[in-house]
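The residues of the chain are indexed from 1 along the displayed sequence.
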Amino acid sequence: MSSNGGTSTSVQVALRIKPLTQDDLTNLPARFQRQIISVSPYNQNQVVVEQEKRQIFQFDHVFSPETTQQEVYERAIENMITKFLEGYNVTILAYGQTSSGKTHTMGTADDRSIPPESKGIIPRTMAALFSLVTSGQYKSHKFSIKVSFIEIHNEDLIDLLGEGNEEERPPVMIREDSRGNIYWTGLQELKVTNVDEVMEWVGVTDMNSKSSRSHAIFSVTMVQQKFIPHNYIPGGQPVTSPPSSRPGTPASSRFGSQPSSRTNSSLDKFDDGEWVTISSKFHFVDLAGSERGISINSGLLALGNVISALGDPNKARHTTHVPYRDSKLTRLLQDSLGGNAQTLMIACVSPIEYNVNETISTLKYANRARNIKNLASVNQEEAGWNDVSHLQNLVMKLRSEISSLKAAAAQNALRSQNGGTISPEKVSQSPIINGNKHSLNGYSEKNNRISGMNTPNTPNNDIIGKNIPITSGIPGRMTPTTTSGIPGRNTPVGGRDTPTRIRPTSPLNTFTNGNGNMNIHQPKEKESYEALEEQLLQLQRSYSELSQKHAKTSAELALHQDNYDEMGEIIKNNDPGIKLKVVTEQEIEQFEKTISSLESKLAITSAALTHSESMLKEQENRLEGANSTNEQNKDLVASLQKYIKELEGKLQQREIDLRIASTRDTPPSEKFISETIQLLETRLKEKEEAYSELEEKLNNFQLGESSESSSSDKITRLEAKLEFLSNEVNKLRSLGIKLGPDDRPEN
Ligand SMILES: Nc1ncnc2c1ncn2[C@@H]1O[C@H](COP(=O)(O)OP(=O)(O)OP(=O)(O)O)[C@@H](O)[C@H]1O
């Protein structure tokens, strides 16, 4: 599978705000029904959350509560179908709290009872896909479309389309190929040819009863064969039509309609261009309710960690490890997040205040996902390069072309010898032509021999087998020529010449005029002849390599088969002298199940550990915050204490003033006087204490701690206060008030 370059694309994120439903209106107290989220009136891709503080979030699309299913499809999904047909992997994920509209949006639970306008993304996409692949636009393509549907519940993979008893089915296993593509085995994949069939399968799974704690993944795998003419201009119109089928392979049906065919000779058909195989997969993921993520669902937890590792710009810069293996969900979505896929996340939210915390958390989560970068590329390979029969045919065609060219060259040589004309007899007598004839005969014998040996493949079946290994069959096994007697064993065509990977050219087009007569210029002809011979040599080399590989594989297979047979014999004879432990397929399956369950447990533990770590970090941050608040509070208490002291001072002063004022009209009593004196003494004492404190500070004053002028200012202020107090005392004395037993009033 070649990657055609690869385009870096960000994960697209759409936000969908659900309308207030009858359920919300009846079940929630009216005071919580206030709508707190809306589309910004200034930017259609922004939402505004109105709470104590206003928050604005930006997305690639924002769908208001009024947006219809059709509008969501047209604005966000339609272009992804085009990408899927171009050969890109596509993933759409619906994220959000329970009842936020994920299933409604995806159409995961759609069946016949759903009115057309309410149908979700899956039925709309499938309808569009089938309509496109059967349209004239893709008439030169052959398609094979398969669907699968799985549920992930507590790290268990459940095949929703699986037949029979769940316990008896092979375990669903997640695998990664050498190119990093994720695929799964043991899963039922159903070939579908129209949207009704698809929705029937979806309908029988009863997704309406899907737990909000489980994830549902509906997947479409598409394999298409496309004919690319040699004079193909990328992005432009193909210049020629493709042949009806690849040579040596019967044409497979394209949902009833055959690709258009020309009335070309088989050589023309073959040489016009090449068949390429494009395979792509489309995942529709309806995630579990996000509010349960933290407490229950390790998949969502791991998804959060993956998004965080890929989407948080600070982390993404330093993180080399992305914890895909922490859960089955993230493992399945590995190539959709940061890998080879075009990905859209639809974040679903409720509009009302009651759900505000979950809404904000969804908005933040989705916003982070926008930073994830994928590297999407078309999954394409030329058809037949792993296919022996295809390569054999290629060798035959090239040999035939060389023979024709040799014949033409001889004819030309004779024509120039005879002044431009040539009789048929002369042609047949020509030694060159005889040589040709001989070689043509030789070729034709070989041709017969090869055709007899080959089992033509049906391209679609062959390709699907290679790309999506489903059950225990060996992926990518070629259709063998069975001579060894061992079922399924591949046998190479030993000792034959070898083709190599080249683009077939069209020499006949180059050398044939409109009437089909030869019109050959010798130098040109020689060049082409040499080029063809070179191509043939290359093909022979490559073919020989392929044969050797086949021989090796066959030998290995034979060895295994022998061991297997030997063991079978031992078991059959039940020889008590030999105690051999025979590992049966059932045991392997059992091991795989145990490994799978251990992996699940490990994933849950690892996800919980990651979660605990993040909780710990959060607690540490909170503690740090609390400490700093504490410090601030201490400062506040100190300044408040100071303020209270000041107020107390003022109050005392005010009391003194009042007492003095009251003595003006009536002579003060003994008690009054002694209380006033006590007050004044306290005040004086306080001032003295403050004064001595200041004096001490002044003594300890270090240069640089405070300016000299500010210290002297304080002293001046204190001196003024002292003066004020002694004035007050004098005033009291002048009123004849005795301020102590030894005091002498002024009169
Ligand atoms: N955009 C919408 N328009 C009309 N009704 C909607 C919309 N979105 C959701 N609903 C309705 O709200 C209810 C809850 O939606 P839905 O079942 O899709 O939520 P969910 O997020 O899939 O929940 P869960 O996590 O439990 O699977 C359903 O009755 C659905 O029809």
Engineer: Could you pull out the closest heavy-atom pair between L28 and Q33, with the gap in Å?
Structural biologist: O-NE2, 2.9 Å

Engineer: Aromatic rings F218 and F149: how do their planes relate, parallel, tilted or perpendicular, breaks at 30° and 60°?
Structural biologist: perpendicular

Engineer: For Q44, check side chain to side chain contact (heavy atoms under 4.5 Å, CB included) against everything at least two apart and list the hits.
Structural biologist: V39

Engineer: Measure the shortest side-chain to side-chain distance between Q55 and I360 over non-hydrogen atoms and say whether it is less than 4.5 angstrom.
Structural biologist: yes

Engineer: Please find the pair of heavy atoms, one from V306 and one from P323, that lie closest to each other, and give the distance.
Structural biologist: CG2-O, 3.7 Å

Engineer: Strictly distance-based, threshold 3.5 Å: is any side-chain N or O of N43 a donor or acceptor partner for the main-chain N or O of N45?
Structural biologist: yes

Engineer: Does atom CZ of F672 have more than 12 heavy-atom neighbours, drawn from other residues, nucleotides or ligands, at distances under 6.0 Å?
Structural biologist: yes

Engineer: List the residues meeting side chain to side chain contact (heavy atoms under 4.5 Å, CB included) with S361, not counting sequence neighbours, and say none if there are none.
Structural biologist: E358

Engineer: Minimum heavy-atom separation for K102 to Y95, with atom names?
Structural biologist: CD-C, 3.7 Å

Engineer: Side chains of V285 and I92: closer than 4.5 Å at any heavy-atom pair?
Structural biologist: no

Engineer: Please, which pairs that meet salt bridge (Lys or Arg N to Asp or Glu O under 4.0 Å) have at least one residue in residues 55-76, sequence neighbours excluded?
Structural biologist: D60-R370

Engineer: Between T362 and T359, is there a side-chain donor-acceptor contact under 3.5 Å, judged purely by atom types and distance?
Structural biologist: no

Engineer: Quick one: side chains of residues 16-27, donor-acceptor pairs under 3.5 Å with protein atoms, not counting sequence neighbours, listed by atom name and distance.
Structural biologist:
| from | atom 1 | to | atom 2 | distance (Å) |
| --- | --- | --- | --- | --- |
| R16 | NH1 | Q69 | OE1 | 2.7 |
| R16 | NH1 | T105 | OG1 | 3.1 |
| R16 | NH2 | T67 | O | 3.1 |
| R16 | NH2 | Q69 | OE1 | 3.3 |
| K18 | NZ | S99 | O | 2.9 |
| T21 | OG1 | D24 | N | 3.4 |
| T21 | OG1 | D24 | OD2 | 3.0 |
| D24 | OD2 | T21 | N | 3.0 |
| T26 | OG1 | Q22 | O | 2.8 |
| T26 | OG1 | D23 | O | 3.2 |
| N27 | ND2 | D23 | O | 3.3 |

Engineer: Do V13 and L344 come close enough that some side-chain heavy atom pair is under 4.5 Å?
Structural biologist: no

Engineer: For residues F59 and V47, determine if any side-chain heavy atom of one lies less than 4.5 Å from a side-chain heavy atom of the other.
Structural biologist: yes

Engineer: Just wondering, do Q653 and R683 contact through their side chains at under 4.5 Å, heavy atoms?
Structural biologist: yes

Engineer: Keeping the roles fixed (side chain from H61, backbone from A76), state whether a donor-acceptor pair exists under 3.5 Å.
Structural biologist: no

Engineer: Just jot down the side chain to side chain contact (heavy atoms under 4.5 Å, CB included) partners of S350, sequence neighbours excluded, or say none.
Structural biologist: Q97, I352, N355

Engineer: Considering all heavy atoms of both residues, which atom of S219 and which atom of W184 are nearest to each other, and what is their separation?
Structural biologist: OG-CZ2, 3.5 Å

Engineer: Taking side-chain hydrogen bond (donor to acceptor under 3.5 Å, both in side chains) as the definition, give me every residue that meets it alongside R54, ordered by chain and number, with sequence neighbours left out.
Structural biologist: E50

Engineer: Within the supplied structure, the quantity of interest is the number of heavy atoms (other residues, nucleotides, ligands) at a distance under 6.0 Å from E646 CD; does it exceed 12?
Structural biologist: yes

Engineer: What verdict does the salt bridge (charged side-chain N to carboxylate O under 4.0 Å, His left out) test give for R331 and E176, after you've listed the backbone C-alpha separation in whole Å, the side-chain angles of each residue and the deciding distance to 0.1 Å?
Structural biologist: CA-CA 9 Å; R331 188 83 174 112; E176 181 175 354; 3.2 Å; yes

Engineer: Can you check whether V322 reaches N305 side chain to side chain, under 4.5 Å on heavy atoms?
Structural biologist: no

Engineer: So do the side chains of Q12 and Q342 get within less than 4.5 Å of each other, counting heavy atoms only?
Structural biologist: no

Engineer: Of all heavy-atom pairs between D110 and G120, which one has the smallest distance, and what is that distance?
Structural biologist: OD2-N, 2.7 Å

Engineer: Quick one: does I307's side chain get under 4.5 Å of L303's, heavy atoms only?
Structural biologist: yes

Engineer: More than 12 heavy atoms of other residues, nucleotides or ligands under 6.0 Å from CD of E117: yes or no?
Structural biologist: yes

